Peer 1: 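Here it is, the structure in full.
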Amino acid sequence: MDVKRLLLLIPLAILAYLIVVQWNQDYGQVATAPQAPAITGEAQAPAAADGDDLSVPAERRGADDIAGGIPGEAAATRSRDLVAVTTDVLDLRIDPQGGDIVYAALPQHKFALDSEQPFVLLADNASLSYVARSGLQLEGHQGRITFSPEKTEYRLADGQERLEVDLTATLDGVEVIKRFSFERDSYAVGVEYLVANRGEAPVTARFIGQLARDDSPDPSSGPKLGMRSFLGAAYSSPETRYEKIDFEAIEEGNFENRDVEGGWVAMIQHYFASAWAPPQDQQNLYYATTDARGRHVAAFAGPTQSVAAGGEAALAATLYMGPKVQDRLEEVAPHLELTVDFGWLWFIANPLFWLLDHIHDLIGNWGWSIVILTLLVKAALWPLSAKAYKSMARMRKLGPEMQRLKEQYGDDRQKMSQEMMKFYQKEKINPLGGCLPILVQMPVFIALYWMLLESVELRHAPFVFWIQDLSVKDPFFILPILMGASMFVQQLLNPTPPDPTQAKIMKMLPIVFTFFFLWFPAGLVIYWVVNNITSIAQQYVITRKIEADPSVGKGMKTK
């Protein structure tokens with residue numbers, strides 16, 4: 001009987017874990033979307049700090065590193081004119097002093113469901129400092145390169161498929177063009193340094209890309225869930241497909257430099273990510289550190305290239321800034337789609353999302369796609385559920401005999417247990433059968449939880465009527481109440497547990513589950529409600545069939 005109680009408590013413990021772990025949200029905080037900085041004007045430009053550099057830390061430099069590196073620029077020399085670039089999916093601001101992207105908004109993803117403001121991924125202001133930096137470590141040049149743009153505003157026009165933005169500079173006979181390449185419907189930006197050596201001696205150059213972020217809370221993970229998605233850096237190599245690096249590890253210097261072929265480095269948060277993906281056929285140095293402003297830096301440095309006198313060279317990488325959509329991420333670099341982190345049950349969540357995505361392609365509504373997915377999952381688990389429900393129906397029908405045995409041997413618990421086991425074997429009853437449906441569903445439930453938590457496709461996705469965002473809780477708590485009511489109906493079909501303690505636990509389950517589900521994403525509650533309704537139908541049919549079967553309990557004794 002103790003084992004049965006333990007099994008009954010397992011679902012409660014798992015649900016409590018999902019709610020309590022990492023419960024660190026401020027429900028009174030009202031977030032506001034960062035505003036785009038002005039194209040010109042000193043007051044709107046991000047602040048710089050002495051020593052804020054793009055150099056590879058000395059202890060992490062490769063043997064072929066350039067002596068001197070790129071020291072930081074002084075605040076007084078920083079450019080205050082920002083270059084605005086607008087495409088159909090990106091709204092950026094580029095600082096000509098170094099060519100860093102200091103602001104990135106995503107027009108196709110709103111800050112909030114009822115807001116007209118775009119979601120801001122990168123910004124450098126009082127509330128968030130998160131920028132994508134890149135530099136050219138050029139032999140003989142100290143400090144960041146000050147570029148000159150042809151104009152301060154660029155826009156991808158209707159019907160235009162590609163846009164290039166060139167920033168130019170000349171440094172002691174070396175001509176440098178920093179080119180940003182944009183394509184329609186793409187969050188991947190090509191960043192390329194075109195170096196032309198017009199001098200009389202060869203020079204060396206190296207591409208460095210950094211993602212620098214402070215400790216600001218994740219704006220895409222508001223006070224809507226008990227668990228937060230991972231906020232931090234991530235790294236990939238051919239040997240290590242996906243490794244998360246939290247900010248604490250960066251501060252403590254626990255991430256060792258990695259010199260590998262290919263790979264990528266990223267900053268990830270709920271629903272969105274930024275990532276540097278250098279060419280996959282070159283050797284790249286990856287490192288993590290903190291900068292002079294206290295920001296966490298995840299970075300890469302490409303190989304050093306020599307540019308002969310009169311020669312030219314191109315150093316390039318791809319910068320991704322956008323939603324964590326697996327198909328888009330796969331196109332940027334191998335394994336970048338793993339930043340869509342489905343947790344330790346990814347081997348269940350990934351096939352479920354693949355199936356959900358294909359269902360959505362057919363019907364075009366994520367809510368109804370979840371309903372159909374639930375029915376398919378239920379069909380797959382149907383035989384196991386049927387076996388459990390048959391055992392429960394037998395226990396329900398044979399309840400009087402079980403009560404008689406309990407009364408007859410109530411004072412001798414050992415004898416009663418022996419007689420009950422004989423009775424179970426004779427009547428083909430599994431005393432733990434009633435727990436199996438819940439236990440079997442829990443891995444699927446947890447996998448679905450993380451899948452729905454991580455899938456940006458469900459962000460602001462409507463279902464029907466009052467459900468206008470499947471990624472957050474039901475605003476009127478109607479779905480959780482329906483879920484609790486369906487659990488109560490299921491209990492009416494179950495046999496009454498002979499143990500009083502167990503019976504009390506069972507009666508509390510609908511209330512406890514309803515409370516937990518109040519804060520769960522509506523999409524997940526839809527799954528559970530539909531699953532319960534189909535389970536009730538299945539259990540009702542099986543129970544009626546067992547009760548009408550004269551062979552069940554034929555040899556029951558009477559009192």
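Keep in mind that this is a model prediction, so the values were computed, not measured.
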Peer 1: Side chain to side chain contact (heavy atoms under 4.5 Å, CB included) with A196: which residues, sequence neighbours excluded?
Peer 2: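 So A196 forms a side chain to side chain contact (heavy atoms under 4.5 Å, CB included) with E175, R198, E312.
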
Peer 1: Do T240 side-chain atoms and S236 backbone N/O form a donor-acceptor pair below 3.5 Å?
Peer 2: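 No; zero donor-acceptor contacts below 3.5 Å.
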
Peer 1: Without swapping roles, check the side chain of Q280 against the backbone of G262 for a donor-acceptor pair under 3.5 Å.
Peer 2: no

Peer 1: Kindly compute the distance separating CD (E150) from OG1 (T168), expressed to the nearest 0.5 Å.
Peer 2: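 One gets 7.0 Å once the value is rounded to the nearest 0.5 Å.
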
Peer 1: Can you see which heavy atom on R144 is nearest to which on G135, and at what distance?
Peer 2: NH2-CA, 4.5 Å

Peer 1: What do you reckon, is CD of E200 surrounded by more than 12 foreign heavy atoms closer than 6.0 Å?
Peer 2: no

Peer 1: For the residue pair D100 and V131, establish whether any side-chain heavy-atom pair is separated by less than 4.5 Å.
Peer 2: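 Result no, sub-4.5 Å side-chain heavy-atom pair not found.
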
Peer 1: When you check the side-chain N and O atoms of R459 and S471, is any donor under 3.5 Å from an acceptor?
Peer 2: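 No, because no side-chain N or O of R459 sits under 3.5 Å from a partner of the opposite role on S471.
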
Peer 1: State the CG-CG distance between L376 and L356, to the nearest 0.5 angstrom.
Peer 2: 10.5 Å

Peer 1: Can you check whether H270's main-chain N or O pairs, donor with acceptor, with D218's side chain at less than 3.5 Å?
Peer 2: yes

Peer 1: Would you say the side-chain atoms of K178 pair up with the backbone N or O of S134, donor to acceptor, closer than 3.5 Å?
Peer 2: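 Yes, because the side chain of K178 sits within donor-acceptor range (under 3.5 Å) of the backbone of S134.
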
Peer 1: Keeping S455 on the side-chain end and E457 on the backbone end, is there a donor-acceptor pair under 3.5 Å?
Peer 2: no

Peer 1: Would you compute the distance between atom CZ of R133 and atom CG of L211 and round it to the nearest 0.5 angstrom?
Peer 2: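 Taking CZ in R133 and CG in L211, the distance rounds to 11.0 Å.
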
Peer 1: Tell me every residue that passes ring-ring contact (aromatic ring centres under 6.0 Å, His included) with W354, counting only those two or more places apart in sequence or in another chain.
Peer 2: H358

Peer 1: Would you compute the distance between atom CZ of F353 and atom CG of L458 and round it to the nearest 0.5 angstrom?
Peer 2: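 Output value for this atom pair is 8.0 Å.
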
Peer 1: Taking all non-hydrogen atoms of both residues into account, name the closest pair between A169 and T146 and its distance.
Peer 2: CB-O, 3.6 Å

Peer 1: Please round to the nearest 0.5 Å and tell me the distance separating atom CG of L524 and atom NZ of K473.
Peer 2: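 Separation between the atoms: 15.0 Å.
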
Peer 1: Do side-chain atoms of R258 reach the backbone of E256 as a donor and acceptor pair under 3.5 angstrom?
Peer 2: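 Looks like yes, one N/O pair under 3.5 Å.
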
Peer 1: Could I get the full list of ring-ring contact (aromatic ring centres under 6.0 Å, His included) partners for W264, not counting sequence neighbours?
Peer 2: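 Result, ring-ring contact (aromatic ring centres under 6.0 Å, His included) vs W264: none returned.
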
Peer 1: Does the side-chain contact (heavy atoms from CB on, under 4.5 Å) test come out yes or no for V195 and L136, once each step is laid out?
Peer 2: CA-CA 10 Å; V195 181; L136 184 68; 3.9 Å; yes

Peer 1: Mind listing the closest non-hydrogen atom pair of F182 and L92 along with its distance?
Peer 2: CE2-CD1, 3.4 Å

Peer 1: What residue among T290, D214, D215 forms side-chain hydrogen bond (donor to acceptor under 3.5 Å, both in side chains) with H296?
Peer 2: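 The residue from T290, D214, D215 that satisfies side-chain hydrogen bond (donor to acceptor under 3.5 Å, both in side chains) with H296 turns out to be D215.
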
Peer 1: Closer than 3.5 angstrom, by distance alone: can the side chain of H141 be matched with the main-chain N or O of G143 as a donor-acceptor pair?
Peer 2: yes

Peer 1: Look up atom CH2 in W346 and atom CG in D341, then write down how far apart they are to the nearest 0.5 Å.
Peer 2: 11.5 Å

Peer 1: For the pair L231 and I268, evaluate side-chain contact (heavy atoms from CB on, under 4.5 Å) and give the outcome as yes or no after the intermediate values.
Peer 2: CA-CA 6 Å; L231 173 63; I268 59 178; over 6 Å; no

Peer 1: Side chains of E116 and F111, heavy atoms from C-beta outward: is any pair under 4.5 Å?
Peer 2: no

Peer 1: Tell me whether the centres of the aromatic rings in Y287 and F300 are closer together than 6.0 Å.
Peer 2: no

Peer 1: Strictly distance-based, threshold 3.5 Å: is any side-chain N or O of D88 a donor or acceptor partner for the main-chain N or O of D185?
Peer 2: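 Checked: pair present.
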
Peer 1: Determine yes or no for a side-chain-to-main-chain donor-acceptor pair under 3.5 angstrom, with Y286 supplying the side chain and G263 the backbone.
Peer 2: yes

Peer 1: Indicate the ring-plane relationship of F119 and F272, choosing parallel, tilted or perpendicular according to the 30° and 60° boundaries.
Peer 2: parallel

Peer 1: Give a yes or no on whether the backbone of E248 and the side-chain of E251 come within a donor-acceptor separation of less than 3.5 Å.
Peer 2: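 Here the side-chain-to-backbone pair does not exist.
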
Peer 1: Just jot down the side chain to side chain contact (heavy atoms under 4.5 Å, CB included) partners of D172, sequence neighbours excluded, or say none.
Peer 2: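 With sequence neighbours excluded, D172 shows a side chain to side chain contact (heavy atoms under 4.5 Å, CB included) to no residue whatsoever.
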
Peer 1: Within the 4.5 Å heavy-atom criterion, are L336 and E330 side-chain neighbours or not?
Peer 2: no

Peer 1: Is any NZ, NE, NH1 or NH2 atom of the basic residue among R293 and D124 found under 4.0 Å from an Asp or Glu carboxylate oxygen of the other?
Peer 2: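 Salt bridge present between R293 and D124.
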
Peer 1: Verify the distance criterion only: is there a donor paired with an acceptor across the side chains of Q97 and D95 at less than 3.5 Å?
Peer 2: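 Looking only at side-chain atoms, D95 and Q97 do not form any donor-acceptor pair under 3.5 Å.
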
Peer 1: Does any part of the side chain of V165, heavy atoms only, come nearer than 4.5 Å to the side chain of R179, both counted from C-beta?
Peer 2: no

Peer 1: Determine whether S229 and E454 satisfy the following criterion, side-chain hydrogen bond (donor to acceptor under 3.5 Å, both in side chains), listing intermediate values before the conclusion.
Peer 2: CA-CA 7 Å; S229 293; E454 276 288 289; 2.7 Å; yes

Peer 1: Give the minimum heavy-atom separation between L82 and P96, together with the two atoms involved.
Peer 2: CA-CD, 4.2 Å

Peer 1: Under a 3.5 Å threshold, yes or no: a donor from one side chain and an acceptor from the other, between N284 and Q282?
Peer 2: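 N284 vs Q282: donor-acceptor pair found between side chains.
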
Peer 1: Is the Y271-H109 ring centre distance short of 6.0 angstrom?
Peer 2: no

Peer 1: Looking at every heavy atom in both L106 and G322, which two are closest together, and how far apart are they?
Peer 2: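 Result for this residue pair: CD1-CA, 4.0 Å.
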
Peer 1: Please list all pairs meeting salt bridge (charged side-chain N to carboxylate O under 4.0 Å, His left out) that have one or both residues in residues 352-365, counting only residues at least two apart or in different chains.
Peer 2: none

Peer 1: How far apart are the closest heavy atoms of A447 and A349, and which atoms are they?
Peer 2: O-CB, 3.7 Å

Peer 1: State which residue, out of L355, L362, I359, L470, fulfils the side chain to side chain contact (heavy atoms under 4.5 Å, CB included) condition with S369.
Peer 2: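 Exactly one pass, corresponding to I359.
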
Peer 1: For the residue pair L171 and L138, establish whether any side-chain heavy-atom pair is separated by less than 4.5 Å.
Peer 2: yes

Peer 1: If the condition is salt bridge (charged side-chain N to carboxylate O under 4.0 Å, His left out), which residues does R162 pass it with, not counting sequence neighbours?
Peer 2: E164, E183

Peer 1: Taking side chain as C-beta onward, heavy atoms only, is T339 less than 4.5 Å from L329?
Peer 2: yes

Peer 1: The test is side-chain contact (heavy atoms from CB on, under 4.5 Å); show your working for V191 and F180 and say whether it passes.
Peer 2: CA-CA 5 Å; V191 182; F180 296 87; 3.9 Å; yes

Peer 1: Go through the steps for L90 and Y187 under the test side-chain contact (heavy atoms from CB on, under 4.5 Å), then give the verdict.
Peer 2: CA-CA 7 Å; L90 290 171; Y187 296 95; 3.9 Å; yes

